[in-house]
Every structure is written in structure tokens, then in C-alpha cells.
Amino acid sequence: MRALVALIAFAIVTGLNLLWWWLPNRPVEIAGWTSAPLESVSFAPYWPGQSPISKSYPTPDQIEQDLKRLQGKVRAVRTYSTGENLETVPQRAGKYGLKVWEGAWLNDNDKENLEQVNLLIDHANRYPDTVERVIVGNEVLLRQELTANQLRAYLRMVKQRVRQPVTYADVWEFWLRNPSLADEVDFITIHMLPYWEDEPIGMDRREPDGQLSIEKHILDIYHRVQARFPGKPIVIGETGWPSDGRMRSDARPGRVEQARFFSMFRSLAEREHFDYNIVEAFDQYWKARLEGTVGARWGLLNAYRGDKFELGKPVVSEPHWRSLFIVSTLMSGLLVLGFVSWRRRAEGRQIAIFAFFSQLILTCYVQSVWIDYSRDFYVEKMLGTVFWALLLGAFSYAVLRGIADSLTGQMADPSLYGARVREAWRAWRELPRFQILKRADLMAQILYLALTVLCIFYLIVISIDWYDGIIRLSETWWRQIAIDGRYRDFPMWSFVIPSICLMAWKLMTVLRAEATRRPERLWRALSFGRLLGYDGSRGHVRMNRRLSRVRPVLPEIFLAGLLIFWAAVLVVTEGAIKLYDGGAGGFIAADGGRWVIRTLFWNTQSDWLAGLAVLMAIPYLATIYLSVREPLAEPPPDSYTSKW
């Protein structure tokens with residue numbers, strides 16, 4: 001009978017697990033999504049392990065393979081540099097029917113700039129049938145590495161010596177700020193990236209008349225630049241959408257969203273006769289060190305040259321969802337089998353409850369580890385992935401072990417439980433280390449404290465706009481630390497198990513029947529002392545009385561305060577935008593912009609992380625509540641003092 005119940009319970013939770021993975025990953029039909037080739041794509045042929053930072057460059061044969069891979073998908077490619085074996089592009093692109101928009105990379109180094117410009121001139125003249133445009137510099141004004149006058153000199157140098165049309169490429173605002181440069185170019189090349197705008201624009205936002213806001217934004221900017229430079233052709237030199245990474249306002253990266261953007265923009269370009277270039281051909285993993293996951297995921301193809309989606313066909317958000325479903329189901333099945341085999345006292349209802357929570361926790365665990373592995377949360381990706389896999393694995397073990405013990409009446413004596421953080425910490429320090437695996441309650445408490453500190457750390461790092469510092473590690477080697485919150489992902493899944501899963505079990509235990517109804521039962525169940533839930537059959541955790549109600553719970557006050565405060569800061573900073581267009585209201589920033597809270601709560605990823613942080617504060621708040629309501633210890637009578 002128990003085996004039949006276990007089989008039925010496993011079948012039910014497997015069905016629920018299938019819905020978990022299948023529902024968000026159903027193939028999505030994209031309106032207007034066709035297999036027609038794109039006009040042009042940015043071409044940076046770096047493979048995983050290669051980057052301009054490490055000065056490891058692709059070989060000419062690798063570059064040619066990439067050009068062949070793009071055959072039929074695009075009409076032209078845009079390069080950003082003339083060195084680093086990139087002469088291969090104009091040299092061999094014609095074999096695959098591709099034209100080239102060749103660019104020279106300019107910075108604040110005159111010697112390097114002259115090398116780039118001379119190579120650009122040489123390639124343009126040597127391969128005139130392939131190089132159809134030349135681009136002198138990319139966003140050098142945005143980076144403030146050259147002045148407009150310095151840039152003007154390089155433009156004139158190139159224009160005098162090539163036959164192709166000459167331009168400079170930058171974000172559209174910088175063309176409006178430097179209109180005199182228009183006289184030096186044959187056409188204006190602007191960058192429009194709605195995801196990176198001061199006010200990001202999501203794919204689903206619409207205007208009152210029903211028009212997509214992102215489409216209206218592109219049209220407005222194009223016409224604004226066109227009106228400022230009448231008679232000059234306008235080329236959109238960069239536009240695109242990331243396929244993964246963190247949200248900005250309501251702008252959500254994703255494969256489906258990326259395909260929707262490509263489809264929307266191409267339809268708009270055909271209707272309005274835009275000349276454009278998409279960012280970019282291949283994902284560039286090396287950018288993750290500078291810009292997090294989102295910086296590495298703008299490619300039409302992934303970094304290993306595989307298709308993210310097929311042009312004109314339905315798009316799936318997570319192509320690997322079937323494998324993840326199978327792994328999480330098998331792991332849960334093994335746990336249920338072990339529970340039924342080793343816990344002979346377990347009845348049908350208890351088996352069903354354990355099956356549900358084991359599947360819930362293991363599905364969240366697999367989801368978390370996969371996201372860590374497939375994204376770029378950490379500077380050292382594998383180190384961070386392994387660390388979180390071990391930490392969440394240990395915590396999941398403690399929680400599931402505690403659930404199994406509670407369901408079968410094998411929990412430790414409540415008097416052994418640490419009612420507060422201080423007692424738990426003291427008990428852990430005094431416990432022989434080899435016993436920690438047997439004390440699921442204490443193991444869960446200590447790991448919960450570690451996860452709390454990590455959650456606070458992430459809230460602070462993501463909320464900070466910029467921190468830049470230098471650490472001197474030796475006489476000759478320095479390391480620069482740069483943390484920019486807008487590039488950091490929201491690690492929601494790292495904290496789902498210690499918040500939602502744990503809270504679901506704690507609330508479940510409150511519903512269990514017990515012989516005697518005790519006051520404040522819910523608060524005791526939610527408290528840190530009962531981290532694994534309230535076991536009605538074994539009494540309750542007694543909190544040692546003190547002459548002060550507050551002093552024993554200072555750690556709880558500190559941790560809960562930080563969680564709630566920084567959760568609020570995160571929501572506000574993600575909802576605050578800085579406008580430069582003279583918008584009314586808001587606080588004036590040092591650079592002349594205005595900070596306004598216009599997109600509060602639009603970023604659902606930041607809202608989720610903030611909500612998980614608040615849930616993690618509940619056990620501390622419950623413990624504080626119980627401590628405050630607890631009667632103070634009475635001082636001894638006068639007859640017991642030194643007065644007598």
C-alpha cells in the first residue's frame with residue numbers, strides 16, 4: 001500500500017514538475033518573423049577563451065569559418081577594428097556574398113589611432129569591391145577619449161584617401177551634442193539600443209493609441225536626428241536586444257524578446273526604408289567580465305556558433321528545459337524512494353507531503369544551478385557555480401532531512417534548538433563537527449545565516465551605481481575593483497529555497513493537528529528557533545528570559561533591518577531613472593540630469609529579489625516579536641542581596 005501511495009504521489013508531482021518546465025518554454029510564434037536575411041550585423045569573431053583584453057585573437061581560418069556561418073543570414077558585416085587578423089574580413093567576405101562596413105578603433109592613444117586609420121585606408125583601397133563603407137571611430141565621444149576636434153582630424157585624414165563613404169558612429173545623443181561633425185562625414189551613423197536608454201523600454205509596453213512604445217521611440221529618435229541634419233543620410237549603426245541577463249525597468253532580456261525585437265525592427269526598417277546594422281553576429285563571452293551576462297548575450301548566434309533560434313520559426317525561451325525536467329524528476333524520485341525505504345513509519349499522507357516538497361526543492365535547486373552555470377553571475381564563473389551548488393545543496397539536504405524527521409516524529413528534542421541566533425551560533429561552535437550532518441536543525445540555521453549575509457551582499461552590490469577602487473597586491477601588480485550595479489544579474493533563484501520553499505514548509509507545519517492549542521503558535525512556527533517548522537507533537541522552543549527584551553535579539557534586529565532596508569533601496573534604485581530631456585520633477589543630479597521615480601516596480605526581477613529578501617527576514621522578525629512579548633525575569637528579592 002505504501003509503495004502504491006508513493007508511486008501515485010510521485011506521478012502527481014512529476015506532472016506538476018512537467019508543467020513547471022513546459023509552460024514558460026512553449027514555442028512562441030513571432031509575428032512577422034521571416035527567414036529573409038538581415039541588412040548587416042556587427043562582426044566580432046572572438047571565440048570562447050579569446051578576447052582583445054587578453055590579446056588572444058581568432059585565426060584567419062576561424063574568421064573565415066564565421067563569415068561562412070553568416071552566409072545567407074545577413075547581407076553585410078560591420079567590423080570595429082582593422083588589426084588583430086581582421087584584414088581577413090574584407091579579404092574573404094566576398095567569397096560568401098558579404099559586404100563589409102569596416103571600422104577603425106580609436107581611443108586616447110595617438111600612436112594606436114594612426115595605426116588603425118592607416119590600416120583602414122589600406123584595406124578600403126585594397127578591397128574596394130567588398131568594403132562599401134568605412135567607419136572612423138566608435139563611441140569615442142561617449143567614452144570621452146577624444147574631443148570632437150581631435151576626431152575631426154582623423155575623419156579628414158581618411159576621407160581624403162578613400163573612395164568609400166566615410167562616417168563616425170556614436171549614440172544618437174552625441175550627434176545632437178556635436179552637430180558640427182556632420183560636415184566631415186558622408187552619412188550619420190547613430191546607435192539606438194532601447195535596452196540601454198536612460199529610460200529603458202520593454203517589448204510589451206504600449207502607447208495609449210496601442211502602438212508599441214519601443215517602435216515609437218525608434219521612429220521618434222530617427223526623425224529627430226533626420227530633422228537636425230537635413231539632407232544627410234541616416235544609418236542605424238547599432239540596434240538589438242540581449243537574449244539573456246538582468247532586467248532594466250520593464251526591458252526583459254530573453255530569446256523570445258530578442259526574436260521579437262528583430263522581427264519588429266526589420267518590419268519597421270522595411271516600412272520606413274531604414275539602413276541598419278544589428279548588434280551582433282555572435283555572443284561575446286569576454287564581455288561578461290565587464291558587463292555581466294547581458295553584455296555577452298547580444299548575438300544572433302551563440303558563442304559556439306550555434307543558432308539561438310531559426311529565422312522564421314517558433315522560438316523557445318529555454319531550449320534545454322527537457323533535460324532539466326528529467327534531471328530534477330530523477331533526483332526527486334530517488335529521494336522519495338529513499339524516504340519510503342528508510343522511514344518505515346511514514347504513512348500515505350506523509351509520503352505525499354515529502355514527495356511534494358522534495359520535488360519543489362530539487363526543481364528550484366536544478367533551476368538555480370543551471371542559471372548559475374549558463375549565465376555569468378560571477379567573475380570566476382565555475383568557482384561561483386560550484387560554491388552555490390554546494391551551499392544550496394547542503395541547505396536543501398538540511399531542509400529535506402528536517403522535513404523527513406518532522407513527518408516521522410524523529411525531530412531532535414526542542415530544548416536542543418537554538419531559539420535565537422546567538423544560541424544557534426554557540427551550539428554550532430560547541431558541537432563536534434562530525435555531528436553536524438545529524439543535526440539538520442542546527443545545520444539549517446547556520447547555513448541560513450550564511451545565505452542571509454550573501455543576500456544582503458547582493459542587495460548592496462546591485463543597488464550601488466558605481467564603486468571603483470584599487471588594491472595594491474605587490475610592488476608591481478595592482479588589481480582594480482569595479483562594481484557597477486546595472487551590469488549585475490539578479491540572483492533570484494539562489495534565494496528561492498531559503499525563502500519560498502522554507503516558508504511553505506513552515507506554514508504547512510502550522511496546519512498540523514496537535515492536542516493542545518498554544519498561544520502565539522504561528523509566530524513560534526515562523527521564528528528562527530523553529531527554522532524547520534513547528535512540530536506540534538514535541539512542545540515548543542523556550543526562550544531564556546533576560547532582564548532585557550531587546551539585547552538577546554540584537555543579531556536578529558541587525559539582519560532583518562539590513563534585509564528590509566536594502567530590499568527597499570533596490571526597488572527604488574531600479575525604479576529611478578535619470579533624464580536629460582528637461583523632464584519636470586525629480587532631484588537634480590550633479591551632471592545636470594534629473595532623478596525621477598517613473599518606473600517603480602516595473603522591474604519584476606528586482607521586485608522578486610527584494611520580496612525574497614523580505615521573506616528571509618520573517619524568521620528574524622518572528623523571533624524579535626516573541627522576545628519583545630516575553631515577560632522579563634524578575635530580580636531576586638531584597639533578602640538575597642548583599643544588603644542583608
*Asks:* Distance only, no hydrogens: is a donor on one side chain within 3.5 Å (strictly under) of an acceptor on the other, for Arg252 and Thr604?
*Replies:* yes

*Asks:* Within 45 degrees of the axis of the six-membered ring of Phe325 and under 6.0 Å from its centre: does Arg322 put its NZ or CZ there?
*Replies:* no

*Asks:* Does a donor on one side chain sit under 3.5 Å from an acceptor on the other, for Glu574 and Gln605?
*Replies:*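 Short answer, no.
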
*Asks:* Distance only, no hydrogens: is a donor on one side chain within 3.5 Å (strictly under) of an acceptor on the other, for Asp129 and Tyr127?
*Replies:* no

*Asks:* Would you please say whether a donor-acceptor pair under 3.5 Å links the side chains of Trp47 and Gln62?
*Replies:* no

*Asks:* Is there a donor in the side chain of Glu84 and an acceptor in the side chain of Tyr46, or the other way round, less than 3.5 Å apart?
*Replies:* yes

*Asks:* When you look at Arg126 and Glu87, which way does the side-chain contact (heavy atoms from CB on, under 4.5 Å) test go after all the steps?
*Replies:* CA-CA 10 Å; Arg126 190 182 300 180; Glu87 182 181 357; 2.7 Å; yes

*Asks:* Judged by modelled atom types alone, do Gln116 and Ser81 share a side-chain donor-acceptor pair under 3.5 Å?
*Replies:* yes

*Asks:* Is the number of heavy atoms from other residues, nucleotides or ligands under 6.0 Å of Trp196 CH2 greater than 12?
*Replies:* yes

*Asks:* Go through the steps to decide whether Arg92 and Thr130 satisfy the test side chain to side chain donor-acceptor pair (under 3.5 Å), and finish with yes or no.
*Replies:* CA-CA 9 Å; Arg92 305 184 189 182; Thr130 304; over 6 Å; no

*Asks:* Do the side-chain N and O atoms of Thr147 and Arg152 include a donor-acceptor pair separated by under 3.5 angstrom?
*Replies:* no

*Asks:* Quick one, Leu181 and Val185 - any side-chain contact, counting heavy atoms below 4.5 Å?
*Replies:*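 Leu181 vs Val185: side chains apart.
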
*Asks:* Have Tyr96 and Glu64 got a donor and an acceptor in their side chains that come within less than 3.5 Å?
*Replies:* yes

*Asks:* Using the side chain to side chain contact (heavy atoms under 4.5 Å, CB included) rule, pick out the option among Val136, Asn178, Leu151 that qualifies with Tyr168.
*Replies:* Leu151

*Asks:* Pick one: which of Trp175, Phe274, Phe229 meets ring-ring contact (aromatic ring centres under 6.0 Å, His included) with Tyr222?
*Replies:*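 Checked Trp175, Phe274, Phe229 against Tyr222; only one passes ring-ring contact (aromatic ring centres under 6.0 Å, His included): Phe274.
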
*Asks:* Could you tell me if the ring centre of Phe282 sits under 6.0 Å from that of Trp298?
*Replies:*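 Centroid separation for Phe282 and Trp298: 6.0 Å or greater.
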
*Asks:* Under the rule for salt bridge (Lys or Arg N to Asp or Glu O under 4.0 Å), what residues qualify as partners of Glu215, not counting sequence neighbours?
*Replies:*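 Here the qualifying residues are Arg271.
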
*Asks:* Establish, from distance only, whether the side-chain atoms of Asn277 and Ser40 form a donor-acceptor pair under 3.5 Å.
*Replies:* yes

*Asks:* Classify the ring geometry of Trp20 against Trp493: parallel below 30°, tilted from 30° to 60°, perpendicular beyond 60°.
*Replies:* tilted

*Asks:* Could you tell me if Arg133 sits above the aromatic ring of Phe187, with its cationic atom closer than 6.0 Å to the ring centre and no more than 45 degrees from the axis?
*Replies:* yes

*Asks:* Kindly indicate, with the supporting measurements, whether the criterion side chain to side chain donor-acceptor pair (under 3.5 Å) is fulfilled by Glu318 and Trp370.
*Replies:* CA-CA 11 Å; Glu318 175 52 76; Trp370 173 249; 3.1 Å; yes

*Asks:* Distance alone, cut at 3.5 Å: any donor-acceptor contact between the side chains of Thr293 and Asp244?
*Replies:*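 Side-chain D/A pair, Thr293 to Asp244: absent.
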
